[in-house]
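We name chains A, B, ... by the order of the sequence lines, and we start the count at 1 in each one. Basis for what follows: all heavy atoms, side chains included, without hydrogens, waters or symmetry-related copies.
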2 protein chains.
Amino acid sequence: MSKYLIYIVNKVFKALNDQTRREILNLLKEKDLTAGDIADAFQITKPSISHHLDILSQAELVTSQKQGQYVIYSLNTTVLDDLMKWIITLKD
Amino acid sequence: MSKYLIYIVNKVFKALNDQTRREILNLLKEKDLTAGDIADAFQITKPSISHHLDILSQAELVTSQKQGQYVIYSLNTTVLDDLMKWIITLKD
DNA sequence: CTATTATTTAGATATTTGTCTAAATACCTA
DNA sequence: TAGGTATTTAGACAAATATCTAAATAATAG
């Protein structure tokens, strides 16, 4: 288990250890969304959602690009491969 | 995504969101160990390890059986399948 | 330019979490 | 039964976290 993988996995587990953040990822699975669209899907405030999106970004579970005054978020599943690797290592 | 799976995945993510607990699982991958053996592998106190083991038990990531005055812990990888299912669902 | 909309940042607060020490429980052995 | 070992429980405390409101930043539209 490389130091790099341990570092990534730590961040990803942290990011995934929250129901709201997991639901955000599920929303983004369907299609890319603006920060506002994502916030509208939850009962919590926009700043809180912004914070969740930041944590997801740090874990590289989402990417974002600015389009005018909007910020569009997309799901990024590449780190999930690292996560799977970690889990499989535990299994065999 | 069933309510049951969401419930399980929530507990498992909680349990896995800690370096010490992840290391405990890695130790148990090699062989079953008593609570004391596990505690000896870390710098933190026995009560703290006991607490970590409790969280891992609640998530069903470990099982335990009493053998005399010892409690022997074993890795249980079955919930990891549920976790994998959740991840794969996100990926495709 | 000014007002409006979208998003993030800053700072405060309550809750959760990881850790500790001390005590309790359970089992074993002489 | 008494003393020792293994483990857990209870309670305290500091650090981390999720949330909020208010303010700042950035872009658009009139």
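- Between B/Leu16 and B/Arg22, the closest heavy-atom pair is O-NH1, 2.6 Å.
- A straight line from CD of B/Gln65 to P of D/dT7 spans 13 Å, rounded to a whole angstrom.
- For the OP1/OP2 pair of C/dA6 and a distance below 4.0 Å, the side-chain nitrogens and oxygens of A/Tyr73 include no atom meeting the criterion.
- Remark: P of D/dT8 and CD1 of B/Ile55 are 13 Å apart, rounded to the nearest angstrom.
- Distance B/Gln58 CD to C/dT16 C1': 14 Å, rounded to the nearest Å.
- Computed from coordinates, the A/Asp18 CG to C/dT15 P distance equals 17 Å when rounded to whole Å.
- Contact check, A/Tyr70 against C/dT8: no side-chain N or O comes under 4.0 Å of OP1 or OP2.
- At a non-hydrogen distance threshold of 4.0 Å, B/Lys46, B/Pro47, B/Ser50 from residues 46-54 of chain B come into contact with DNA chain D.
- Rounded to a whole Å, the CD atom of A/Gln67 is 15 Å from the C1' atom of C/dT7.
- When rounded to the nearest whole Å, the span between CD of A/Glu23 and P of D/dA18 equals 14 Å.
- In this structure, A/Leu75 is not a member of the same hydrophobic cluster as A/Ile72, with clusters built from ILVMFWY side-chain heavy atoms closer than 4.5 Å.
- Closest approach to the B/Val71 side chain among C/dT7, D/dT21, D/dT7 is made by D/dT7 (side chain taken as heavy atoms from C-beta onward).
- Between A/Asp92 and B/Lys29, none of the side-chain N atoms (NZ, or NE/NH1/NH2) sits under 4.0 Å from a carboxylate O, so this pair counts as no salt bridge.
- For A/Lys46 against A/Asp40, the heavy-atom pair with the smallest separation is NZ-OD1, 3.6 Å.
- Side-chain heavy atoms closer than 4.5 Å link hydrophobic residues (I, L, V, M, F, W, Y) into clusters, and following such links, possibly through other members, connects B/Ile24 to B/Val79.
- Relative to the side chain of A/Lys14, the nucleotides D/dT7, C/dT8, D/dT17 differ in distance, and D/dT17 lies closest.
- Residues A/Ile55 and B/Ile87 do not share a hydrophobic cluster, clusters being chains of Ile/Leu/Val/Met/Phe/Trp/Tyr side chains in contact below 4.5 Å.
- Taking atom CG on A/Leu16 and atom P on D/dT17, their separation rounds to 14 Å, with Å as the unit.
- Looking at every heavy atom in both residues, B/Leu28 comes nearest to B/Tyr73 through CD2-O, 3.4 Å.
- Take the nearest nucleotide of DNA chain D for A/Arg21 and for A/Gly68: the residue whose nucleotide is more 5' is A/Arg21.
- Annotation: proximity of residues 30-44 of chain B to DNA chain D (heavy atom, distance under 4.0 Å) is found for B/Thr34, B/Ala35, B/Gly36, numbered in ascending order.
- A donor-acceptor pair shorter than 3.5 Å can be found between the side chains of B/Thr34 and B/Asp37.
- Remark: the A/Ser57 side chain and the A/Asp54 side chain contain no N/O donor-acceptor pair separated by less than 3.5 Å.
- Neither B/Tyr70 nor B/Leu56 shares a network with the other; the hydrophobic side chains, linked directly or stepwise wherever heavy atoms of I, L, V, M, F, W or Y lie under 4.5 Å apart, form separate groups for each.
- Between the C1' atom of D/dT28 and the CD atom of A/Gln69 lies a distance of 5 Å, rounded to the nearest Å.
- When each of A/Asn17 and A/Lys66 is assigned the nucleotide of DNA chain D with its nearest heavy atom, A/Asn17 is the one assigned upstream, toward the 5' end.
- Distance from the side chain of B/Thr20 is smallest to C/dT19 among C/dG18, C/dT19, D/dA18.
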